[in-house]
Protein chains: 2
Amino acid sequence: MKRMPECLAHMDAGIARVSESLPDAPLQEIVLTRLLLLVGGHLLNELELNLKPFGLNDSDFRTLMMIYTSPSGSATPSELCEYAQQGATNMTRIANVLVKAGLVTRASSAEDRRKVVLSITTAGKRLVRKILPPLFPQVHAAFASLSASDKRTLDRLLRQVAVNIDLLTHPDPRP
Amino acid sequence: MKRMPECLAHMDAGIARVSESLPDAPLQEIVLTRLLLLVGGHLLNELELNLKPFGLNDSDFRTLMMIYTSPSGSATPSELCEYAQQGATNMTRIANVLVKAGLVTRASSAEDRRKVVLSITTAGKRLVRKILPPLFPQVHAAFASLSASDKRTLDRLLRQVAVNIDLLTHPDPRP
DNA sequence: CTTCGATACTTCACTGACGAACTATCCTCT
DNA sequence: AGAGGATAGTTCGTCAGTGAAGTATCGAAG
């Protein structure tokens, strides 16, 4: 696998060559799209590499974190789906994983018996507090070359892009 | 699935709450990481939604584009792996897909008979020129709310992050 | 020339994620 | 009350992607 600078140069060259056959291609935006996909993918690889020793992948971990940070320490699968960009099918699998690992408990709700309540266990909280700290240096390093103002700008721009894509996917600005 | 603004707010709140149990968490960087994963994921979903009608996913398409933009109109699987962030195993599958669809041909190299040469066909070129243009408005819309200078800044920052992650993953700045 | 290590690709078995179909429960309207 | 529709979760079949192991070819060293 080539190092990043060469990889980026190759990408730039390839995209630039597209405009030979399709002159009206929005080159800048295509490059940004590819960069986002590239960075997102590498970030995910790196994160999952750190989670693998604990038998979790990013979906599992994100779900665990959402239950962990929930004020009540519990949540239902459908609530989690709402915010975790995941289908109900996969949430069932994730719940199975977390329950089997003893990190959360699964109980059916009292008020609405269709619902399932996932609650974090002591072991779950302990695992979160064990996994996170070793991640901090790496997360920090990923943005180490950015100034404080760069980071604020990146934050702002990414949120804008997130909203743009959301509008693109689900049009209807009709409440 | 919730709309993006609520989703972002929920994410912010969750991450903020992490610092209650782990006060030295680099909140800003964690948010940026999550934003990148989120945007990358949504961008990928949206792109693959557009490619599905043609029986391709992003890996297939990216590979096809790399062959398309190659000056010779052909490449070997190992070359493609170098730049496409993919394992050789998956490249074999991709080549199978593209060959079966008649978009590229597979031939063994004359100079080095270990190598396989994938060459784009007329149908492959035609498909690229058919798929791309309808994508342009969407790609453009994803960044529509960003000014020209915002886009340049985003490009610059993403490249920095890409390099940082690469250094993190493959240390050794020893040539 | 042969042997050995490296390279190129393929095959196989497995995991993660998704859509479609199913079951159970709840809510509303009559 | 009870019929119809919406919601919550699960199950099942399928596909994309990966690591480990296998085959074929190349190149260098003896």
Side-chain angles (χ1 to χ4, degrees), chain A residues 1-2 37 40-42 44-49 51-64 74-101 104-119 169, chain B residues 1-2 37 40-42 44-49 51-64 74-101 104-118:
Chain A
M1 209 74 99
K2 291 284 185 203
L37 291 172
H42 280 255
L44 186 61
N45 288 345
E46 184 63 14
L47 177 56
E48 298 213 320
L49 207 136
L51 295 175
K52 185 157 291 182
F54 303 99
L56 300 176
N57 64 22
D58 179 53
S59 300
D60 303 336
F61 179 64
R62 196 166 63 239
T63 302
L64 182 63
S74 59
T76 66
S78 37
E79 285 167 6
L80 296 168
C81 287
E82 288 285 321
Y83 293 108
Q85 289 84 47
Q86 297 172 17
T89 302
N90 200 32
M91 192 53 75
T92 296
R93 184 194 59 78
I94 293 171
N96 288 340
V97 168
L98 296 180
V99 169
K100 179 169 289 183
V104 308
T105 59
R106 177 194 252 135
S108 39
S109 163
E111 319 88 58
D112 187 340
R113 296 198 313 180
R114 289 170 302 180
K115 291 188 178 174
V116 165
V117 179
L118 301 172
S119 305
T169 317
Chain B
M1 208 76 100
K2 291 286 185 202
L37 291 172
H42 280 253
L44 187 60
N45 288 345
E46 183 62 14
L47 176 56
E48 299 213 319
L49 208 137
L51 295 174
K52 184 157 292 182
F54 303 99
L56 301 176
N57 63 22
D58 181 53
S59 299
D60 303 335
F61 180 63
R62 196 166 65 239
T63 302
L64 182 63
S74 59
T76 68
S78 36
E79 285 168 4
L80 295 168
C81 287
E82 288 284 321
Y83 293 107
Q85 289 86 46
Q86 300 174 18
T89 301
N90 201 31
M91 192 52 74
T92 296
R93 183 193 60 78
I94 293 171
N96 289 341
V97 169
L98 297 180
V99 168
K100 178 170 291 184
V104 307
T105 59
R106 179 193 250 135
S108 39
S109 162
E111 318 88 60
D112 186 340
R113 297 199 310 179
R114 288 170 302 180
K115 291 188 178 175
V116 165
V117 178
L118 301 171

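Chain A is the first sequence line, chain B the second, and so forth, proteins listed ahead of strands; every chain is numbered from 1.
B/Leu98 approaches B/Thr63 most closely through the heavy-atom pair CD1-CG2, 4.1 Å.
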Indicate every side-chain donor-acceptor pair of residues 78-86 of chain B with a distance under 3.5 Å to a residue at least two apart or in another chain.
unit_1, atom_1, unit_2, atom_2, d
B/Ser78, OG, B/Thr76, OG1, 3.4
B/Glu79, OE1, B/Thr76, N, 3.2
B/Gln85, NE2, B/Tyr83, O, 3.1

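Under the side chain to side chain contact (heavy atoms under 4.5 Å, CB included) criterion, A/Leu44 pairs with A/Glu48, A/Asp58, B/Leu37, sequence neighbours left out. Among residues two or more places apart in sequence or in another chain, the side chain to side chain contact (heavy atoms under 4.5 Å, CB included) test is passed with B/Asn96 by B/Thr92, B/Arg106. For the salt bridge (charged side-chain N to carboxylate O under 4.0 Å, His left out) test, residues two or more places apart in sequence or in another chain that qualify with B/Arg114 are B/Asp112. Not counting sequence neighbours, the partners of A/Ser119 by the side chain to side chain contact (heavy atoms under 4.5 Å, CB included) test are A/Ser74, A/Thr105, A/Val117. Under the side chain to side chain contact (heavy atoms under 4.5 Å, CB included) criterion, B/Arg93 pairs with B/Asn57, B/Asp60, B/Asn90, B/Val97, sequence neighbours left out.
Residues from residues 90-101 of chain A placing a heavy atom under 4.0 Å of any atom in DNA chain C, listed by number, are A/Asn90, A/Arg93. Residues from residues 104-119 of chain A placing a heavy atom under 4.0 Å of any atom in DNA chain D, listed by number, are A/Arg106, A/Arg114, A/Lys115, A/Val116.
In this structure, A/Asn45 and A/Glu79 both approach DNA chain D, and ranking their closest nucleotides by distance from the 5' end singles out A/Glu79.
Atom CG in A/Leu51 sits 11.0 Å away from atom CZ in A/Arg62 (nearest 0.5 Å). One distance of note links OG of A/Ser108 with CZ of A/Arg113; it measures 8.0 Å at 0.5 Å rounding.
From the 5' end on, the contacts that DNA chain C makes with chain B at under 4.0 Å to a non-hydrogen atom open and close at C/dA6 to C/dC12. In the 5' to 3' direction, nucleotides of DNA chain D lying under 4.0 Å from heavy atoms of chain B begin and end at D/dA16 to D/dC26.
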